[in-house]
There are 2 protein chains.
Amino acid sequence: MPSFRTMQWAGGKLRLLDQTRLPHEEVYLDLESHEDVARAIREMRVRGAPAIGVAAAYGIALGAAGIVTDDPDLFHSRLDAVCETLLATRPTAVNLAWAVQRMRRVAAAKAPATARQALLAEAQAIEAEDEVSNRRLGTYGAALLPASATVLTHCNAGSLATAGYGTALGVLRAAREQGKQVRVYADETRPLLQGARLTAWELQRDGFCVTLITDSMAGYFIHKGIIDCVIVGADRIAANGDVANKIGTYALAVLAKENRVPFYVAAPTSTIDLATPSGDDIPIEERSPEEVTRVLETPIAPQGVKAANPAFDVTPAQYVTAIITEHGIARPPYMRSLAMIVRGRNREVNRAFK
Amino acid sequence: MPSFRTMQWAGGKLRLLDQTRLPHEEVYLDLESHEDVARAIREMRVRGAPAIGVAAAYGIALGAAGIVTDDPDLFHSRLDAVCETLLATRPTAVNLAWAVQRMRRVAAAKAPATARQALLAEAQAIEAEDEVSNRRLGTYGAALLPASATVLTHCNAGSLATAGYGTALGVLRAAREQGKQVRVYADETRPLLQGARLTAWELQRDGFCVTLITDSMAGYFIHKGIIDCVIVGADRIAANGDVANKIGTYALAVLAKENRVPFYVAAPTSTIDLATPSGDDIPIEERSPEEVTRVLETPIAPQGVKAANPAFDVTPAQYVTAIITEHGIARPPYMRSLAMIVRGRNREVNRAFK
């Protein structure tokens, strides 16, 4: 396990490592209401699709605790508003909608007091399951790596993006636990520098050999034959295998294919959205141009210059060698393999409920 | 013409716009010796292959003026040292070696006083020719653009990279002068942000519609079908058409080809190096890792993290749709077309000398 906690439920509050302050400061926030959680997600103090899902679940638990009424109708209508507030924070990562829906189902038709308890228990279950599923997908993914592997990753799909173990970086952790030698090239990931600030920090802290590069250098190292494979996380995977992930992922996938380097996506099944037929149907968040015209707080461009800032891109399924999940590895054609994996998960969930 | 001067010979000094201070400050440096010029090139206060060539030529003229002897042997051995100092500043751009060689030829076997005069005249000729050749290649290149074009560019191949008109951006200037409508997407170009600091500044100042993006977003906009063509400059073009240019260029070329978007290189023939058989033979400058772990002065990564910093990459000729020069447009196979273009230039130069 990593040597830090991305988030932790303690004393009726959600304790959160503020990722906007890394790597220079390790500051923890105590979130006491669903508005606190919504703000933290919007401001990307917590980010990464699985982590957003877990945080939103705790946000709903906090919101439910804050509804001081025993009237079921009033309670449930206010709970709806809590859910909507959290849902509206960010559009692309489907884990958010997935977690909110799970929480809604758990609360449905329950009396307020019971619902409050059940919601907290469900948030804790979502957190625990995320860690278990990361470890499982890590084991599946690690088997894909050679005994000595140099891996390129983008953004942060690590402990900081999940409840604790990581997806893309979980695969690397598991490979190391299996005795494999792992070296990492980390794209800095402009505009918000999650690679430089978060991935480099978390891997360095856990003793990995990591080399930081700018996003523009990835092609150079892939073409030079230094990279054995690319592994990234995902914010949403459509039914046909198209993958929405941090802006810049598509370029890596094209470069990997052109140079015959495997391109892997590591994500829990909560990131697979069978209701979204293809990447064209995934909403892409457009963030403030100031994230581009500045780096952290420093202005880097002439005043008044126009900038675009799509936060994600879609990698068409044809560029994806395999999708690593906690229920096994999906290979093309994804329409079939992803449906089977999700069906397998649902069967397992149903068995657990019997 | 652009509304500013990248460099200017005045009062026996080389007046240089300090590009490390842009876009926030417009500071001019007065360089009085060849050491001043060498330092300015090394510190990238002047950059861009053609501009480096012109600055180095003036550096040699300054160096020659500073050799206070009438003894021909002493003069020429000191002049050699001046040339070597300038040659050693940066390894990739071939225009530097090209300009130094031209200057050496002009001084050869001349008495010190005559050589000093001839060297200054030659530096001024190199500057004037650079502008003329930019305008000519601009005219050739502009013909490749549709009447309304959205062009992606990388780094800065503009007025700031040349004696005044620009190569890639010279094509855009010429297209506008021909009445074409031009919109530009400019990659910010990490690590040193020449796109954000220089290209955005120079295009905004000259009234172009420019949108700044991070390097990682280029693939997104190419794939969306928004980009009609990519145009970049070059630091060295090998005999087979392989192109060394700012790190990140290779990725753009692959993305362009994958999406059937033309990828053009605009460069004067002084950038073509027929003595370099292929891209494998081009030395790639590795710069300080601090340029990656910092943005301008701000640290963005955990202390002590390793970083790589190749300043250039090589785009194999197979990805290059055409190379735009002042002697016409070279198309594949480049081994033949580049040799013809260089031969044509040499014939013209020889005619001019008759």
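For chain B, the nearby part of A/Q303 is the backbone; its heavy atoms alone come within less than 4.5 Å. With a threshold of 4.5 angstrom between heavy atoms, B/L193 approaches chain A through side-chain atoms but not through N, CA, C or O. Within the 4.5 angstrom heavy-atom criterion, only side-chain atoms of B/L296, from C-beta onward, approach chain A. Heavy-atom distances place no part of B/E291 under 4.5 Å from chain A, backbone and side chain included. Contacts of B/T298 with chain A are made by side-chain atoms alone, with heavy-atom separations under 4.5 Å and no backbone atom involved. The contact between B/Y319 and chain A is made entirely by side chain atoms (from C-beta outward), counting heavy-atom distances below 4.5 Å. Neither the backbone nor the side chain of B/I222 comes within less than 4.5 Å of any heavy atom in chain A. For B/V305, the parts lying near chain A are the backbone and the side chain together; criterion is any non-hydrogen pair under 4.5 Å. Heavy atoms of B/N309 lying under 4.5 Å from chain A belong to its backbone as well as its side chain. Only the backbone of B/F312 comes within contact range of chain A, with heavy atoms under 4.5 Å apart. Both the backbone and the side chain of B/P299 come within contact range of chain A, judged by heavy atoms closer than 4.5 Å. If you measure heavy-atom distances from A/V210 to chain B, the contacts under 4.5 Å come from both the backbone and the side chain. Using a 4.5 Å cut-off between heavy atoms, A/L198 makes no contact with chain B at all. Neither the backbone nor the side chain of B/D280 comes within less than 4.5 Å of any heavy atom in chain A. Both the backbone and the side chain of B/P302 come within contact range of chain A, each with at least one heavy atom under 4.5 Å from a heavy atom of that chain.
Taking chain A as the reference chain and counting heavy-atom pairs below 4.5 Å, the highest number among B/L255, B/D215, B/I247 is found for B/I247. Per-residue counts of heavy-atom pairs under 4.5 Å with chain B were compared for A/P316, A/A218, A/A308, A/G219; the largest is that of A/A308. Between chain A and the options B/A196, B/P289, B/A200, the largest number of non-hydrogen pairs under 4.5 Å is found for B/A196. Heavy-atom pairs under 4.5 Å with chain A peak, among B/V292, B/L22, B/I300, at B/I300. Interface check for chain A: of the options B/G195, B/P310, B/A251, B/P191, the most heavy-atom pairs under 4.5 Å are formed by B/P310. Your options are A/D187, A/T249, A/T199, A/L212, and the one with the most heavy-atom pairs under 4.5 Å with chain B is A/L212. When each of B/A186, B/A307, B/G304 is scored by its heavy-atom pairs under 4.5 Å with chain A, the top score falls to B/A307. Contact count versus chain B (heavy atoms, under 4.5 Å) is highest, among A/D313, A/L203, A/V314, A/L252, for A/D313.
B/L172 is listed as a side-chain neighbour of B/L169, based on a closest heavy-atom distance under 4.5 Å. Between B/Y220 and A/I284 the shortest side-chain heavy-atom distance falls below 4.5 Å. At least one side-chain heavy atom of B/Y185 sits under 4.5 Å from a side-chain heavy atom of B/T150. In this structure, the side chains of A/R176 and A/D206 come closer than 4.5 Å at one or more pairs of heavy atoms. Side chains of A/V320 and A/V243 form a contact here, defined as non-hydrogen atoms less than 4.5 Å apart.
Donor-acceptor pairing under 3.5 Å is recorded for the side chains of B/D18 and B/T20.
Judged by the 6.0 Å and 45° rule, A/R183 forms no cation-pi pair with A/F208. Within the cation-pi definition used here (under 6.0 Å to the ring centroid, within 45° of the axis), B/R205 does not qualify as a partner of B/F4. Because its NZ or CZ atom is not both nearer than 6.0 Å to the ring centre of B/F263 and within 45° of the ring axis, B/K257 does not count as a cation-pi partner of that residue.
Here the options are B/R236, B/R90, B/R47, the test is salt bridge (charged side-chain N to carboxylate O under 4.0 Å, His left out), and the partner is B/E285; only B/R90 passes. The residue from A/R197, A/R173, A/R5 that alone fulfils the salt bridge (charged side-chain N to carboxylate O under 4.0 Å, His left out) condition with A/E202 is A/R173. Of the residues A/N156, A/T162, A/V232, the one that meets the side chain to side chain contact (heavy atoms under 4.5 Å, CB included) test with A/T167 is A/T162.
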Quiz prompt | salt bridge (charged side-chain N to carboxylate O under 4.0 Å, His left out) between A/R190 and B/E188, worked out | solution = CA-CA 10 Å; A/R190 276 278 287 151; B/E188 65 174 7; 2.6 Å; yes
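The number of heavy atoms from other shown groups lying within 6.0 Å of CD (B/E43) is above 12.
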